[in-house]
Each structure stands twice: as structure tokens, then as C-alpha cells.
Amino acid sequence: MTTKLIGEKVPRVEDERLLRGQGQYADDLMPGALETAVLRSPHAHARIVDIDVSGVLDVAGIHAVYTYDDLTGPMAEPLPLLIPHPTLTHGRTQYALAKETVRYVGEAIAFVVAEDRYLAEDAVSRIEVAYEVLPPVVGIDAARAAEHLVHDDVPGNLAARMEQRVGDAESAIAAAPHRLGLDLHVERSAAMPMEGRAVVARWDTDAHRLQVWTSTQTSTGVRAAVAAKLGLDLAQVDVMTPDVGGGFGVKIVHPWPEELLVPLAARALGRPVRFTEDRREHFISSAHERGQDQHVEVGFDDDGRVLGLAVRFWHDNGAYTPYGLIVPIITSTQLLGPYKPGAYSVVFDSLYTNTVIVTPYRGAGRPQGVYAMERTMDAIAKHLGKDRAEVRAVNFIQPDEFPYDHGLIFQDGRPLIYDSGDYPGLLAKLKRLIDWDDFETFRAACAAEGRRVGIGLACYVEGTGVGPYEGAHIGVETSGKVKVAIGLTSQGQGHQTALAQIVADELGVRFEDVEVVAGDTRRMPYAVGTFASRAAVMSGSAVALTARMVRAKALRLAAEALEADVDDLEIVDGVVRVKGSPSSRIELGTVAVLSNPLRYAFDEASQAATQFTVGDPGKPPVAEDDEPGLEGRDFYSPERSTFAAGMHAAVIEIDEDTCEITILRYAVVHDCGTLINPMIVEGQIHGGVAQGVGGALYERMEYDESGQLLNASFMDFLMPYVTEVPDGIELDHLETPSPLNPHGIKGAGEAGVIPAAALFAAAIEDAERIPIRSMPISPSELFELRRRHTDPTTSEEPPR
Amino acid sequence: MKPAPFAFARPESLAEALGLLAESRRGSNAKVLAGGQSLLPLLSMRLAAPEVLIDINALPGLDRIEADEHGVRIGALVRHSDLLVHAGAARVQPLLSRALRLVAHPTIRNRGTTLGSIVHADPAAEIPMVLRLLGGSVRVVSLAGPVEDGRSSPREIEREIGAAELFDGPMTSTVRADELALSAWFPALPAGSGVAIDEVARRHGDYALCGVAAAVSVRQDGTVATARAGYLSVCEVPTVVELDEPLVGVRLDEATADRALAAAGELALTRLDPADDIHATADYRAQLARTLTARVLRAAYDDAIDRTPERTR
Amino acid sequence: MTSPRSRLALRLSVNGTAYDVEVEARRLLSDVLRHDLRLTGTHVGCEHGVCGACTVLLDGRPARACLLLAASAQGAEITTVEGLANADGSLGPVQRAFKECHGLQCGFCTPGFLTTIAAGLRENPNPTREEAKEMVSGNLCRCTGYQNIVASVLRAAELGMTEPGPEPGTGPGPEPGAGA
């Protein structure tokens, strides 16, 4: 057997190109393409009275200007509502270019195609629009009050109300020995990849085909949307995903207006056309996430065991709901984490506001759910005077209880059943890693020096690898090189490396001979996309199954050629050989030759494959249930999601005078099942933790009451630099393989970010002895909170 | 985010540059480009749209740093990073390098000019406040009289603007549109004095929520002779507050100084006007001003004592 | 006297090659490098000087290409990520260190880190961990959480001890008429 690669820290095959500056991102492609700019609404809510483009049309270098009136057929219809849901009774989506009304600052109104972006921006500034400004709805309170409506035909600004319950939570709470209520808030943040959205398209006038390269998390989705909207056959549209400069969720949304307008213009003008979003546009015209108000009622016993949990929350979905209710559904179901409350009820309202749309950002509703649950656990511990880790432990689902059925319906419409896990094991590792039991000694030592420190922990379970399916195509060329195509896309997670490791192991070939292509609809037209930490689970399993299929065919052909029994064969380093008789061998490339009887010869390999030199002349050259070629295509479609888990702990210090928060230690224990490439997994966790720190302590979207985003720049939206993240992350893994897929993989993409808001709230609360109910928190807010808390006329938590 | 169109000139002599600037008297809306680290974002966001941009980077002789016992003079093309590592400047006026270390990030300091930062007059920037605290000045030059057609060479007139008269309001200096800032001068640190600067920013390298620098002189007996502090981000222009009253005669290395330092902070706040913004409340900024006042006064005091070890301790 | 012009003929020296271009005066160096010279390794992440993805070396010192007019870069030797490989074409020490330490994920911010670190290590070939952090403190990365980038700086310093990379800004001067 070849040296096993699954589980090894294999250096990435992607790196060499990227390190030389030879990456190919959408804006790097197609030199000479026309460039575009978008006129965006300066108002959060307004009726468009008139658009005058006359000042632009005859300007040199301007090729076209589009407004809603120029759109016809399906392009004049609203953009698709991608994921409908029965409870989404009032789903609304925007138009590619605004029709009559704009509902957030940044909504696209006109689209200019020019020689370059400079001229396009000049033209945008010359378009005159008359607006009738309407009262905006900004923030959850205003949405609930519904004094004004975002959509005239959506009463109460209510897109959806959804309810799930297991048991009778209200009665269980009423009967419980102890009860608490918490009001919680989480502010908006955003995925904010370093590369914004970008799309370039070329209409091939000879072949009548459209080629689109787009910085997306789903090329197949974009392809279907473009074909439908432009009235093309699916077979006329190819969508390729070039290098993508980060996604973190925002690029799963599709089609963006520009993803349709660019192909539309390319086809109309017969020239390649490009849109590259700038940073300000990314802030006001892509997507945000996280904003929720929550109310938790909990009843528990003397040990802190949760007997009943009732959660009511209000989710700000922005101006439209193109991605349905995925985020709040995830919050409502993943809130339970590793715990098994006696009874649970959850009701949420998804509310319209005159702000940028809300769609999944790494974690996708889980951070909010974990925040609600973990704040509750901490409140229970405080109420009972118990250790916070102990209270969690008494509520854990135990290792012998898997598969564990929560009795709820998950985001994929399937039962919420955890596949496997060991939560007590994770907690034990975390406590050791962070020296949980020694913290009071440390706290006392710090206090003696006048230093204020705190510790927190937070636990989560993450549904990963949701269906419906992913596939792979694997072909062995006559050179012995193995070409793998997967349908979902890559945004820096190292899929080309990790999946090649699986293929190399499964097929028995050299890692260097495997090349993985992702997100090219020409190579794999059936796929879903990269989200929900699903790539390793879904595509990893698909390549494993496909590699097994190809291996089986290779062995069958080789057995014939070597006159051996299939069971006696092995494949090592790309050579099929008889076990124990290494001289009896045939290269996989030669097997590929044998698999394809040819009429014509081009080279030595094809000469060997002409129908005149191989095969039994008495039988058809290709057997009845066979196909030419050493290749295969297979799909992995799981019954339900896998569930990864993890626990984080942090030690922080807070300045007595300035309230500045310093992270002294950060520890992670993580269980994503089988690790394919620990180096990549750890990198994913590092990045997630940094985003978590950002979301907990630095980042937020600052809307004013008129709906203007006040911090739409990297100057004022405070993404962490190296100086803001922990100096070192202490990391440990636990591997409880998933029983649901061939390699027991669970997925790791989002894990790092999920518990951070809950974690820092806990650590700050521990240091300050003040209830923390709103995140993120800045030093200024902490200062104000301290003042309010020492002011005897106010009280944060009325005794119940 | 691309600049609106403008015309560009890169004069190679001062006379040429001043001639171009003098055009602005006829309303041509020209801007001087030196480091451009503040100007370029404004251009790209189209928050500024000059008709003419005059790039002075090819002008000779403006990249000099001269440090002598009286002070440090820097030319208009001296980059923050050059001044930061200039040993002579650090010796003559140690506050310069300490403040420059807080200016943005190293890459921005490589290109950004110290004088450009002063003339930009951002009330959140370190160097304008340092100039104001130290009582430095800026030398500007312009062409006298109406712009001629080139037959007679117009006279150059220089004037020296003291820091106290330099800052007119947020992002506004008293340098006229037809004037070119040639150099800035920072007085040397007097004997028996010490300086310090500290700030609190949301992220390392960001504009500070509040920053304070202090200059303290001490007497033979180790008590404070004079004390003043400069403030950024808590007032519309860089503001200096004389803090002699609560501090003269006090030894700041003793615990009993706490009360005097607190009084200094309160006194300073009577002259400051912290405001709310998206990053901090006015009260929090006031708290930072109090805290940092005490911290930098102590540090400046320690610095003064360290510089005169034979006299005290 | 030079009169202000809105279109300019420029000669830029990039990675030791001279390029002649005619561009609008307002054109940013980042756009000229990427779209006119087709050196697309320099990336644009914010266009207001905060993220550092577009960092190039100007006479060997890191500078934001989005905060420079191309016109202002005349006369300077510009080094981009494409100029960081060793003379024999192999990866330079900083590039190798990033690969070894998994210092990159999506790769978009990476060129700005590589140029910044290449210059930083020439100034300070043996940085402490704190100095390594300071070196990259003005560059944003959304993928890596910086952990492996700091490790890469320290590893590059080790590698640089044995195999110094090219000397950005000290390479051959511009050759008249060469390039685009």
C-alpha cells in the first residue's frame, strides 16, 4: 500500500502559483474587457421618480447604460428566492436594477459599461435620479414597531414567523425549581473577504455560448440562474470559478445583480465585460449577518440541569430574503449545542429592515444560537453559585446516546439527529489545555498586582456537510495522470490538496499525479456549492466513492491483462501489481490505454489502443455494460448532516482605567471527525478564531437612523490586524469519526468563529462581574456598562 | 473608487511649483501631493476633486533633516519613517520618534510625509499635536503679487507660522492655497525636561480615540517646574493645556502625586471638548484623557528625571 | 514651465524591466501594474490604503500601490510579488516559508505580505516574534488569523540566513525601450 496521506500535513499544491503572483482571480482574467460601475441608491428607502441618463450616453468611452426599463423577460422579474420555505410567507427579492422603489442604501439602480472603471465611475456620477424619500426602517426595534413598512404589502415587516417545540417547555419552566430570563442582543457584522465580488463574461459569437467566470461559492447555481434569466439553454452557458479571494458565506448568494448584468451586456455588446466590486460597494451592496434580539426563559434544577428552555428571537433579515430563512433556522436549531434540555420551544420572527440583505456569514446563525445558549449556561451557573464547566457537563448528551435525535427539523429539512460525538471528552481536554481548575490562583495573583483578569468557555455543535449531494469525476489519462473534477468551489480552503490526498489513498496513485479542478461546470455540471462546512464531507466523500469506482474498473481490466484474480491485485504508486509478485505489473496509464479501443493512433499510447491490436475480435470492442475510458463519476448524497463539535476557552485582561481588553490565552479543542490534512484544518480554525475575535470585540455595522452605513470602509469597520488576534492559539483535536460517510469526515470550515461572541461575553463577565448581554462590545461600551452598573438607580437584571 | 479626472504636474524646481500654485489665485483649485497617504483615499472616494495636482516629489532639497542644539528642521519631503530612525532628531527632540511610532503602520510611514501630516491638520493625528505641544512652526513660501506671464520673475515670500496659529479647525490649516509648506521646525528638548506620549486606539495603528503627549520640566529638588500636555481626538484642533497649577512643586514619582495628577486631568478636561462618534462616547474619551494625562505626565516626569540623574534621587 | 496634463506618457521600472505606458494622470499605480502592465499579482483589496494587499516596494521600501499615482512612481524601481523569486526561478525565502508554514489560504492578501516581509527582513534579518508581528501589522488577512503568517516571517528569517533572496530595488536599472 502507498503511504497513507489522509491525516498527513501535506503542503498545499495551490501555493506555488499564488506565491508567485500567478493566481488568477476574476479581475485578473480577460485583459481588455469592458469595465462597469453601478449607480447605487443613496437612500435607505425611496421611490424613484425619474432617472435621466442623457448626460452619459454620448460620452466617449461609454458603451452602454442600463436601467430597469432596459430589462425584458425574466430579467425584468425579481431575482430568485433561492430557498423558499413554507413559513416564509412574505419572501421578497430585489430586481437586478431597481424598479420604482429602493429599499437599502447601495441597491443597484443603473449599470454603466465603459472602456475602464474610471470612465464608468465618471458616468455614474453624471446620471441624475429624482427620488421621493420614504421613511426608513432601521434596526429590529423599528421593524417590530412597524410604524413604517419596508414593503407596502408585508404587514408588520414580518417575512416569516417560525416555531418549533419538543415537549412542553413553558410548563417545564413553570414547574422548575429555578427560573431565569435573559434579554440578549447580537450586532451585525459581515464576511468581508479580501476580494469582493467579481464577474467577467464573454459571449462567443461563433459558438453562441456564454462563458462566465465569477468569484462565487457555487458555479452550478450561477450557471442555472444566468441561463434562466437570460433565456439561454443551460448547455449554452459555462461558469468557471477562478481563484477566489475568500468567501466566508457571502459568495454563496447568487445571482447577484451584476452576475446577470455582466453576461447580459457581454452578449448585447459582443465584447467581454467585467464587474469588479470595490470595497465601499462590498459594504453596502453585498450582504451582512448576525443581527438578532433574543429572549431566553429557562427552568433548571439544583444541579443546573435544564428542564425547560423557551427562546424567542427576532432576526433582522435586511431588505430582502433571497436566501430564505436559512440563518434563523440554523440559530433556532443549533442553539442547543451539546446539550439536551428537558423541553425546548423556539419562535422567531424574521423581519425586514431598510438595510443590506442578511445571508450566511461563516457560522451562519450558529454564533447567535451558541451565544444565547452559552449566556444561559453562564447565568445558570452564576445563579446556583456553581462552576460554569460543571453546569455544562450535567447537560451534555453522553457518548453512548448517539445517534441523538433532538426531535427538531434542521435547515436541510431533515431531522436534527447528531451522528456522533464525545462532549465530556472535549470538555476534559479543554479544561486541561486552559488550566481551568487553576484559574482562581492566577486570578488572585493578578489581583495582587492590580490586574483584572477573567476566563470564559463556550461549547458548540455544528451541523456540517448538509446535502443534498456533491459529485466527482475522475479520469486516468494514458500518461497515468489522474484528473479529478469536483463541482463545488474553493475559496482558499485547500480543496485541491485535501481531495487529492483522498484520491491518492483510494486509488493508489502518487499525490503528485492527482490534479483537482473545482467549480468548473464544463467538468462537473452537477453540484450544490461550498457552504456549511460541507466541502470535505460532501466532495471528500464523493471523490472517495468515485475513486473506488475507478479503482474497481482498473482492477478488472488489469486482472484481465495480467491474467490474475482481482482480489490478488493491489495498486501502489500508480501501478497495478499482483500481491507478493511485484514483477507481474501494469501501469495505470496502460490500463487507461486498454480501456479505450481506438480506431486512430496519435502517439504510442494510442497505437497500443487501436481496435486492431487489443481485445477479443469475437466480441464488441466495448462490452455491453461498459464504457470506454478509465474514468468514473459518482455522487455522495447523505441521509442527513454530520455534526462537528468544539469548545473554546479564553483568558483575558481588562485595563482598570481604559477598559481595553487583552487576550492572554486562547484555547480550542475541536472534533471534526477524521482529519484529512491537519495543517489545513488548523489553518481554518486559526482564521475562524480571528473572525470570531473581530465579531466579538471589533466589528459591527453602524447604521444611523436614516439607514446610512457610517463605517463602510476598512478605516472604520475594524477587522483585526495581527495585533488584535491572540498571540498563539492552543489547539487540540478529538476525532470521533462520523458513521455517515466513507472516511468519517465532519467538516471544519466554520468551527473557529462560532463560539467567540459567547466566549468573550463570558470572559468579560467573569472579569467585570457585570452581566454582558450585548455583543460585540467595545472598550467604550464596557466603560459605559461599568458606569451604569455602579449607578444604584439602574439595575441590569431585576431579581425574579 | 477611482479618482475624478485632474491634470497633473511634477515640477522640478520650487519656482515652477510656486508658479503652478499661484494659478490657484485665479481659482484653479490645485492641491499639493507629497506623500499622498491621506490625499489619495480622499481622491479615490471622490471626497476631494482638485482640478490640478502638483506632485512636489521631484523638488530638490526638501528631504533634509537638520538637527542641532536648537531643534529639528524637516523638509516637506521627509517621510515619517526617515525621521523616526534619525538619530540626531531623536537626540534633540525625543518626542518625535516616540510619536512617529504611533503614526499609522510602517508602510504608510514609508511614504507619508511628516510635514504633510501637519498641514493636513487632522485633529486625530499625532504630529500636529506634537508640533503644537512643543511650540514649533511651519515655514511656507508663495509668490508675491499677481502671476506674471513669465517675463519678470515674481518674488518668493516666506513666512513662518507658529503652531498656535497654524490650526484653524478640523482638517483646516492657515496655510493658504497658493502657499507651499517648505519645512517644519520642532524645538529641542530643554535641559531638565522630559517628554512622553501615549494613546488609545481601537486597533494598533488606527487613529487614536484619544492621545496625550506631555512635556514636564523638573527642579533641582525633583519637583515639577512646568507641565503641559497636548491632546488629540478630544478637541477640534490639536490642543495644549498648561498644567502648572496642579503640578508645580509636586514629585510625580510619589504615590501622593495621584491627587495632583487627577486634578491635572480634570483641569485639562475643562479645555477639551470630547465628542461621541461610532467608536467611543464623549464620556469614554474624557476618561481616556484623564487616564492618559496621568500616565504621560508620570512618564514625562520620569523622562526628565532620567535625563538629569545627578540632580535628584 | 511644465503645464499640468491630464494624460501622461510614463516610463516605469518594474522588477528590473522598463515599461512605457500612456495613461490618464489620475490612474493609480495599482491599476497600471495590474491592467496596463498585466502584472496581476499585485491585488487590490480596499483602495483606501488600509488592507495592504496592493503593497509593492518602491526603491526597496513597502508602499501601497493604491495610494500612489502611477505618475508619482516615475524614477523609482518598483518591485512586485512577481519579482520576489530567486534569480534561478525558485521560490524566494519568504515565499518558501509561506508554503512551509501554511501562511496563505485564499492567497489574495498574500502578495502584499510577501513584499512587506521581503523588505522587512532586509532591514531586520533576525526579528523577534514581536518584531515579526510589527512587520506585518499593517496588512489585513481574513483567512489565516495571522498565526501562520507570523510563523512564516520567523521561518523566512531562518531561510534567509542561508539563502538571501533578490535585493529588491537594487537590481538592474531600467533598460530603455524594453517592456510594454
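A quick note: this is a predicted structure, and the numbers were derived from the prediction, not measured. Side chains included, hydrogens not; waters and symmetry mates left out as well; all remaining heavy atoms used.
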K.L.:
What do you reckon, is NZ of B:Lys31 surrounded by more than 12 foreign heavy atoms closer than 6.0 Å?
P.N.:
no
K.L.:
Can you name the closest pair of heavy atoms from B:Leu33 and C:Ser72 and give their distance?
P.N.:
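The answer is CD2-OG, 3.5 Å.
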K.L.:
Hey, what do you get for CZ (B:Phe6) to CG (C:Leu69), rounding to the nearest 0.5 Å?
P.N.:
4.5 Å
K.L.:
If you compare all heavy atoms of B:Arg10 against all heavy atoms of C:Gln74, which two are closest, and at what distance to 0.1 Å?
P.N.:
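Of all heavy-atom pairs spanning B:Arg10 and C:Gln74, the closest is NH2-O, 3.4 Å.
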K.L.:
Can you spot which of C:Arg64, C:Arg61, C:Met135 makes a side chain to side chain contact (heavy atoms under 4.5 Å, CB included) with B:Thr107?
P.N.:
C:Arg64
K.L.:
Could you list all the ring pair (Phe, Tyr, Trp, His ring centres under 6.0 Å) pairs where at least one residue sits in residues 94-119 of chain B, not counting sequence neighbours?
P.N.:
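Sorted pair list: A:Tyr721-B:His105.
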K.L.:
What closest approach, in Å, do C:Leu68 and B:Leu40 show between heavy atoms, and which atom pair accounts for it?
P.N.:
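Shortest heavy-atom separation between C:Leu68 and B:Leu40 comes out as N-CG, 4.2 Å.
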K.L.:
Do you know the tightest heavy-atom contact between B:Ala7 and C:Pro4?
P.N.:
CB-CB, 3.6 Å
K.L.:
Using a cut-off of under 4.5 Å for heavy-atom pairs, which of C:Ala71, C:Gly120, C:Ala63, C:Ser6 has the most such pairs with chain B?
P.N.:
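Result: the option with the highest number of such pairs is C:Ala71.
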K.L.:
Quick test of your reading: applying salt bridge (charged side-chain N to carboxylate O under 4.0 Å, His left out), list the pairs with at least one residue in residues 95-121 of chain B, sequence neighbours left out, ordered by first then second residue.
P.N.:
B:Arg98-B:Asp303, B:Arg109-C:Glu134
K.L.:
Could you check which of B:Leu39, B:Leu53, B:Leu42, B:Asp55 has the highest count of heavy-atom pairs closer than 4.5 Å to chain C?
P.N.:
B:Asp55
K.L.:
Based on non-hydrogen pairs under 4.5 Å, which of B:His204, B:Glu12, B:Glu51, B:Arg203 is most in contact with chain C?
P.N.:
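Highest number of heavy-atom pairs under 4.5 Å: B:His204.
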K.L.:
Do you know which two heavy atoms are closest between C:Leu28 and B:Ser44, and how far apart they sit?
P.N.:
CD1-OG, 3.9 Å
K.L.:
Let me see the working for B:Asn110 and C:Leu58 under side chain to side chain contact (heavy atoms under 4.5 Å, CB included), right down to the final yes or no.
P.N.:
CA-CA 9 Å; B:Asn110 282 341; C:Leu58 212 61; over 6 Å; no
K.L.:
Check each atom of B:Ser13 against the heavy atoms of chain C and say whether the ones under 4.5 Å are side chain, backbone, both or neither.
P.N.:
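When you check distances to chain C, no heavy atom of B:Ser13 falls under 4.5 Å.
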K.L.:
Checking heavy atoms, do the side chain of B:Pro3, its backbone, both or neither come under 4.5 Å from chain C?
P.N.:
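Both the backbone and the side chain of B:Pro3 come within 4.5 Å of chain C.
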K.L.:
If you draw a 6.0 Å radius around CZ in B:Arg64, do more than 12 non-hydrogen atoms from other residues or ligands fall strictly inside?
P.N.:
no
K.L.:
First locate atom CE of B:Met45, then atom CD of C:Glu47, and finally report the distance between them rounded to the nearest 0.5 Å.
P.N.:
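That separation rounds to 9.5 Å.
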K.L.:
Considering residues, nucleotides and ligands other than C:Glu123, do more than 12 of their heavy atoms fall under 6.0 Å from its CD?
P.N.:
no
K.L.:
Inspect the surroundings of CZ in B:Arg295 and state if more than 12 heavy atoms from other residues, nucleotides or ligands are less than 6.0 Å away.
P.N.:
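Correct, the count exceeds 12.
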